[in-house]
Amino acid sequence: MRRRPGIGGLQNAAAARDQYRLLGENVARIRTDLMKEQLTTFRSQLEEFARKHKNDIRKNPAFRSQFHEMCTKVGVDPLASNKGFWAELLGIGDFYYELGVQIVEICLATRPHNGGLINLQELCNMVRQRRKNDRGAVSEDDCLRAISKLKVLGSGFEVISVGKKKLVRSVPTELNKDHNEILELAQAQGFVTVNEVERRLSWTSGRATDALDTLLEEGLAMIDDGHRDGKCRYWFPCVSSISSSVGADM
């Protein structure tokens, strides 16, 4: 027959639990203080690194990307404001502001041709063409960072993935799964036909036509019905090179 613990035993057990709890809180506090101290040290070292290599950060896209990764790891955002230490030291706040303005201008200029959806790689090439004196100074990573800052404007700027490509959307158009599948299918040759969509995606004629008509209404597709076979081709400038000549003339 087991004996139930007395009052003294219960009190001792409660005291032991309190001691373990206090010990755990002390250990957690020590770890937190240590982490804060380490982060302060890392940030100080990061500032020193930025001072030493500021020219490389400004001029070398690969180096700039690695610098941003280091900043992210210690919770520093050099692009958070155009004022303060980072902006004065590196001037990269102004760099991304200027880049963002150029991206907006290109998206607006090409919108009549692509409906507000442009291939990220094509967009970056157009940006480089506009910055002819310093073509190698802008990378896709730079464009992505500038676009991420444009999102706060609430103007619909966003990067979406369609198949293996990244597209920049500059209008608040909602694309569903059917639209994305058609865009991915069109990447092979820049266009699709209703019959091809039906065959390749195993859709009904109504489903294919409805999705294509929506893309056409949104300005994301262009119809070419001048072929001998009589089949309409739905061209998508955002996954073909139709709009490339537009950026070259800007």
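This chain uses plain numbering: 1 for the first residue, then up along the sequence.
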Check: Quick one: CZ on F236 to CD1 on I182, what's the gap to the nearest 0.5 Å?
Finding: 6.0 Å
Could you list the donor-acceptor pairs under 3.5 angstrom formed by side chains in residues 193-203, with sequence neighbours left out?
unit_1, atom_1, unit_2, atom_2, d
T193, OG1, E196, N, 3.1
E198, OE2, S205, OG, 3.3
W203, NE1, L201, O, 3.4

Next item on the list: Sequence neighbours left out, what passes side chain to side chain contact (heavy atoms under 4.5 Å, CB included) with V101? Give chain and number order.
Entry: Y97, E105
Item checked: side chain to side chain donor-acceptor pair (under 3.5 Å) involving D210 - partner list, sequence neighbours excluded -> none
Notebook entry, point to check: Is there any salt bridge (charged side-chain N to carboxylate O under 4.0 Å, His left out) pair reaching into residues 181-191, and which pairs are they, with sequence neighbours excluded?
Noted result: K177-E181
Next item on the list: Look at the side chain of R111 and the backbone N and O of S170, then say whether any donor-acceptor pair between them is shorter than 3.5 Å.
Entry: yes
Checklist line | Backbone of T110 reached by a side-chain donor or acceptor of H113 within 3.5 Å | finding: no
Note to self: Going by the rule salt bridge (Lys or Arg N to Asp or Glu O under 4.0 Å), which residues pair with D224 if we only count those two or more places apart in sequence or in a different chain?
What the structure shows: none
Checklist line | Q66: side chain to side chain contact (heavy atoms under 4.5 Å, CB included) partners, not counting sequence neighbours | finding: none
Checklist line | R233 side chain to D225 backbone, donor-acceptor under 3.5 Å | finding: no
Check: What pairs with R207 under side chain to side chain donor-acceptor pair (under 3.5 Å), at least two apart in sequence or on another chain?
Finding: D178
Next item on the list: Apply side chain to side chain contact (heavy atoms under 4.5 Å, CB included) to N114 and L220, showing your working.
Entry: CA-CA 5 Å; N114 56 35; L220 301 177; over 6 Å; no
Check: Excluding sequence neighbours, so at least two apart, what forms side chain to side chain donor-acceptor pair (under 3.5 Å) with K164?
Finding: none
Next item on the list: Under the side chain to side chain donor-acceptor pair (under 3.5 Å) rule, collect the residues that match up with D213, sequence neighbours excluded.
Entry: none
Checklist line | Greater than 12 external heavy atoms within 6.0 Å of K166's NZ | finding: no
Check: Does CD in Q189 sit with more than 12 non-hydrogen atoms of other residues, nucleotides or ligands closer than 6.0 Å?
Finding: yes
